[in-house]
Peer 1: 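Here you go, one structure.
Heavy-atom basis, side chains included; hydrogens, waters and symmetry copies ignored.
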Amino acid sequence: MIPDSWRNGEVAVIGLGRSGLAAVRWLTSHGLRVYGSDAADSPVLREAVADLHQVSVDLGGHDLDRIRAAVAVVVSPGVPPDAVPIAAAREAGVDVVSEIDLGARTLDDANLIVVTGTNGKTTTTGLIAHLLTAAGVSAVAAGNIGRPLTDVAGDPQRPSWVVVEASSFQLHDSPHLRPRVGVLTNLAPDHLDRYADVQAYYADKRLLFRNATDGSQWVLNGDDQAVMDLARGVDGVVRQFSLNRPAAAWFDRSTDTLQVDGETVIERQALPLLGDHNVANALAAMLAALAAGIRGRDLADGLRSFQAPRHRLEPVRDVGNVEWINDSKATNVAAASVALRAMQRPYVLLAGGHPKGESFEALAALLPLHCRLVVAYGEAGPDLARALGTAVRVEVVERFDDAVQRAGTGAQPGDVVLLSPACASFDQFRNFEERGERFRQLVAAL
């Protein structure tokens, strides 16, 4: 479970967010010496690390010499593979693993369903866990969805199934991750501010399959050629889902029903999720649940009772017949495009934040049908104005709070105000959750 070599020195944990702290606590509970560091320094972080007794901690920077001398480095999900402390560790020949890999080593006898993809990961992960639980199977959701995998590993009673949301960064350093079932929701360019090119990003996604065996089961988006190309030749059983044609799970538009293995599971109107992309997420979740042993006829109740996660096309409030929707999780162009396609009435779009190296041009073609106004804010505001200004009226506002206020004054009764930023949050917020919560607070005060 723990390599003997790790007991001969100090393990460094890089990034002290939720997952990093869970890793520190797990390592110290097993008697290992730990050094933790984070590039950020804030009152919230200081409070979070205050109870880490017998752990040496640096905030606001990293002791690179100490990291180079470590017996191993555990990296949190928000830290990119090319970050300075990670590069220093690799150059020194130090073993680098993700927090998810650490948890997977401990849960080596558990049934893991691992979900990755560019968009839809969190909804699909949560829905799979919900379907299993609704069918009477013990299951938890973990990983990027919120609960660290090492935290699950510390439970005295382990669930039968653990559904793990994994980002490309986490897959990069997870050599011991062996999914019983793997799900690839879709692929689109993302994180180009942290990867050299899209091929490097896709290469990390392909690491989902690195420990594939004949017994592995893979749930793949049959409508996404990049997904099918990435999985070509992989060992195991492949099951496809589709919005457009008959497949193992598919959306029959002629009857407006979700089908699995030739049988109707649920009518579209009974699925409490907005947009075709969420139909695709539901199809993927159904196939994963079947792979875990759930019968098709036992899926409908779980699908009906599922509630959308926060920050993902989440209805917040209706104010004066204007509906406010929080899609803060849309941190890239592909995710924002999905949200725009889901809009069926006039809307004001709030977009902006920290750009990720993508072109915003793809959004321009989706705006003329229903978009009344784009309020572009933050670092990406001027770029969004240049890319979208020929398609629709764009106003640039620097501060997020001011942008929300302007969006409200620009909306008319019957409209939607949609926060779907197409950018990361790091110019004004710590993460997309904090951005979404601020949006909720501002809307609640209207």
Peer 1: Ignoring hydrogens and angles, tell me if any N or O in the side chain of Thr118 forms a donor-acceptor pair with the backbone of Ala188 under 3.5 Å.
Peer 2: yes
Peer 1: Side-chain contact, heavy-atom cut-off 4.5 Å: Pro421 with Leu350?
Peer 2: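 With C-beta onward as the side chain, the pair stays apart.
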Peer 1: So, taking the atom named OG in Ser167 and the one named NZ in Lys121, what distance separates them when rounded to the nearest 0.5 Å?
Peer 2: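 So the gap between those two atoms works out to 7.0 Å.
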Peer 1: For the pair Phe432 and His311, name the ring-plane relationship: parallel under 30°, tilted 30 to 60°, perpendicular over 60°.
Peer 2: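 Rings of Phe432 and His311: perpendicular, as their planes differ by over 60°.
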Peer 1: Ignoring hydrogens, what is the shortest heavy-atom contact between Ala336 and Ala330? Give both atom names and the distance.
Peer 2: N-CB, 3.9 Å
Peer 1: Keeping to residues at least two apart or across chains, list the salt bridge (charged side-chain N to carboxylate O under 4.0 Å, His left out) pairs with something in residues 241-260.
Peer 2: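 Every pair satisfying salt bridge (charged side-chain N to carboxylate O under 4.0 Å, His left out) with a residue in residues 241-260: Arg253-Asp276.
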Peer 1: Quick one: CG on Leu127 to CG on Asn281, what's the gap to the nearest 0.5 Å?
Peer 2: 8.0 Å
Peer 1: Between Leu340 and Tyr347, which heavy-atom pair has the shortest distance, and what is it?
Peer 2: CD2-OH, 3.6 Å
Peer 1: In the structure I gave you, are the side-chain heavy atoms of Asp101 and Pro175 within less than 4.5 Å of one another anywhere?
Peer 2: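 Asp101 vs Pro175: side chains touch.
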Peer 1: Does one side chain, of Thr257 or Glu267, offer a donor that lies under 3.5 Å from an acceptor on the other?
Peer 2: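 Note: Thr257 and Glu267 side chains miss the donor-acceptor criterion.
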Peer 1: Determine whether more than 12 heavy atoms belonging to other residues, nucleotides or ligands lie under 6.0 Å from atom CD of Glu434.
Peer 2: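 Atom CD in Glu434 is crowded, with more than 12 foreign heavy atoms closer than 6.0 Å.
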Peer 1: Give the minimum heavy-atom separation between Gly410 and Leu373, together with the two atoms involved.
Peer 2: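 Taking every non-hydrogen atom into account, CA-CD2, 4.2 Å.
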Peer 1: I need the minimum non-hydrogen distance between Ser174 and Ile100, along with the two atoms involved.
Peer 2: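 Ser174 and Ile100 have their closest heavy atoms at OG-CG2, 3.9 Å.
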Peer 1: Salt bridge or not between Asp415 and Arg345? Use side-chain N to carboxylate O under 4.0 Å.
Peer 2: no
Peer 1: Other residues, nucleotides and ligands only: do more than 12 of their heavy atoms fall within 6.0 Å of CZ on Arg210?
Peer 2: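 Enclosed: over 12 neighbouring heavy atoms sit under 6.0 Å from CZ of Arg210.
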Peer 1: For His130, does its backbone N or O pair with a side-chain atom of Thr133 as donor and acceptor, under 3.5 Å?
Peer 2: no
Peer 1: Under 3.5 Å, side chain of Asp155 to main-chain N/O of Arg158, donor-acceptor pair present?
Peer 2: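 No, because the side chain of Asp155 does not come within donor-acceptor range (under 3.5 Å) of the backbone of Arg158.
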Peer 1: Calculate, to the nearest 0.5 Å, the distance between atoms CG and OG belonging to Leu149 and Ser19 respectively.
Peer 2: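 Leu149 atom CG to Ser19 atom OG measures 9.0 Å (nearest 0.5 Å).
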Peer 1: Step through the shown structure and confirm whether more than 12 heavy atoms of other residues, nucleotides or ligands are within 6.0 Å of CZ on Arg18.
Peer 2: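 No, CZ of Arg18 has 12 or fewer neighbouring heavy atoms, counting only those of other groups under 6.0 Å.
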Peer 1: Quick one: are Gln259 and Met286 in side-chain contact, heavy atoms under 4.5 Å?
Peer 2: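 Heavy-atom side-chain distance check fails, nothing below 4.5 Å.
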Peer 1: In terms of side-chain geometry, is the basic nitrogen of Glu263 or Arg297 positioned less than 4.0 Å from the acidic oxygen of its partner?
Peer 2: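 Salt bridge: no.
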Peer 1: Using a 3.5 Å distance criterion without hydrogens, assess whether the side chain of Ser37 forms a donor-acceptor pair with backbone atoms of His62.
Peer 2: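 No, the answer is negative, given that no donor and acceptor are paired below the 3.5 Å cut-off.
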Peer 1: Taking the side chain as C-beta and beyond, is there a heavy-atom pair between Asp402 and Tyr377 under 4.5 Å?
Peer 2: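 No, every pair of side-chain atoms sits at 4.5 Å or beyond.
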Peer 1: Check the surroundings of atom CD in Glu47: do more than 12 heavy atoms from other residues, nucleotides or ligands lie under 6.0 Å from it?
Peer 2: no
Peer 1: Would you call the rings of Trp218 and Phe209 parallel, tilted or perpendicular if under 30° counts as parallel and over 60° as perpendicular?
Peer 2: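 If you compare the ring of Trp218 with that of Phe209, the planes turn out perpendicular.
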Peer 1: Please give me the minimum heavy-atom distance between Leu21 and Leu16, naming the atom from each residue.
Peer 2: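 Result for this residue pair: CG-O, 3.5 Å.
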Peer 1: Taking CD in Gln441 as the centre, count heavy atoms belonging to other residues, nucleotides or ligands within less than 6.0 Å. Is the count above 12?
Peer 2: yes
Peer 1: Going from CG on Leu363 to CD on Glu358, what distance comes out if it is rounded to the nearest 0.5 angstrom?
Peer 2: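 Going from the CG atom of Leu363 to the CD atom of Glu358 covers 9.0 Å.
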Peer 1: Given the rule in the side-chain hydrogen bond (donor to acceptor under 3.5 Å, both in side chains) test, do Asp327 and Ser420 qualify, once you have shown the distances and angles that lead to the verdict?
Peer 2: CA-CA 5 Å; Asp327 193 39; Ser420 194; 2.9 Å; yes
Peer 1: Are the side chain of Glu99 and the backbone N or O of Ala22 linked by a donor-acceptor pair below 3.5 Å?
Peer 2: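 Judged by distance alone, no pair lies under 3.5 Å.
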Peer 1: What do the steps show when you test Val24 against Val57 for side-chain contact (heavy atoms from CB on, under 4.5 Å), and what is the final call?
Peer 2: CA-CA 10 Å; Val24 169; Val57 173; over 6 Å; no
Peer 1: One thing to verify: whether Asp190 and Lys205 come together as a salt bridge, which I'm taking to mean a side-chain N less than 4.0 angstrom from a carboxylate O.
Peer 2: no
Peer 1: Would you check if the distance from the ring center of Tyr202 to the ring center of Tyr195 is below 6.0 Å?
Peer 2: no
Peer 1: Keeping the roles fixed (side chain from Asn326, backbone from Val316), state whether a donor-acceptor pair exists under 3.5 Å.
Peer 2: no
Peer 1: Near Glu379 CD, under 6.0 Å, is it more than 12 heavy atoms from other residues, nucleotides or ligands?
Peer 2: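 More than 12 heavy atoms, drawn from other residues, nucleotides or ligands, come within 6.0 Å of this atom.
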Peer 1: Under the 3.5 angstrom rule, does the side chain of Asp58 hit a backbone N or O of Gly61 as a donor-acceptor pair?
Peer 2: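 Checking the backbone N and O of Gly61 against the side chain of Asp58, no donor-acceptor pair under 3.5 Å is found.
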Peer 1: With a 4.5 Å cut-off on side-chain heavy atoms, are Ser160 and Leu132 touching?
Peer 2: no
Peer 1: Find out whether Phe251 and Ser242 are in side-chain contact, i.e. whether some heavy atom of one side chain is under 4.5 Å from a heavy atom of the other.
Peer 2: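 No, their side chains stay 4.5 Å or more apart.
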Peer 1: Can you list the steps and then say if Arg180 with Ile113 is a side-chain contact (heavy atoms from CB on, under 4.5 Å)?
Peer 2: CA-CA 6 Å; Arg180 185 71 58 86; Ile113 300 175; 5.9 Å; no
Peer 1: Check whether Ser425 reaches the backbone of Asn431 with its side chain - one donor and one acceptor, N or O, closer than 3.5 Å.
Peer 2: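 Yes; at least one donor-acceptor contact below 3.5 Å.
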Peer 1: Please report the interatomic distance CG(Leu184) to OG1(Thr124), rounded to the nearest 0.5 Å.
Peer 2: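 One finds 10.5 Å between CG of Leu184 and OG1 of Thr124.
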Peer 1: For Arg312 and Arg310, indicate whether the former's side chain and the latter's backbone hold a donor-acceptor pair under 3.5 Å.
Peer 2: yes
Peer 1: Given side chains that start at C-beta, do those of Glu437 and Phe429 come closer than 4.5 Å, heavy atoms only?
Peer 2: no
Peer 1: Does the side-chain contact (heavy atoms from CB on, under 4.5 Å) test come out yes or no for Leu299 and Ile266, once each step is laid out?
Peer 2: CA-CA 8 Å; Leu299 296 172; Ile266 190 173; over 6 Å; no
Peer 1: Between Phe306 and Leu271, is any pair of side-chain heavy atoms under 4.5 Å apart?
Peer 2: no
Peer 1: Passes side-chain contact (heavy atoms from CB on, under 4.5 Å), Gln170 versus Leu177? Steps please.
Peer 2: CA-CA 10 Å; Gln170 291 166 313; Leu177 192 63; over 6 Å; no
Peer 1: What's the separation between atom CZ in Arg435 and atom CD in Gln428, rounded to the nearest 0.5 Å?
Peer 2: 9.5 Å
Peer 1: Looking at every heavy atom in both Gly143 and Val164, which two are closest together, and how far apart are they?
Peer 2: CA-CG1, 4.3 Å
Peer 1: Check whether Arg304 reaches the backbone of Ala270 with its side chain - one donor and one acceptor, N or O, closer than 3.5 Å.
Peer 2: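 No, because the side chain of Arg304 does not come within donor-acceptor range (under 3.5 Å) of the backbone of Ala270.
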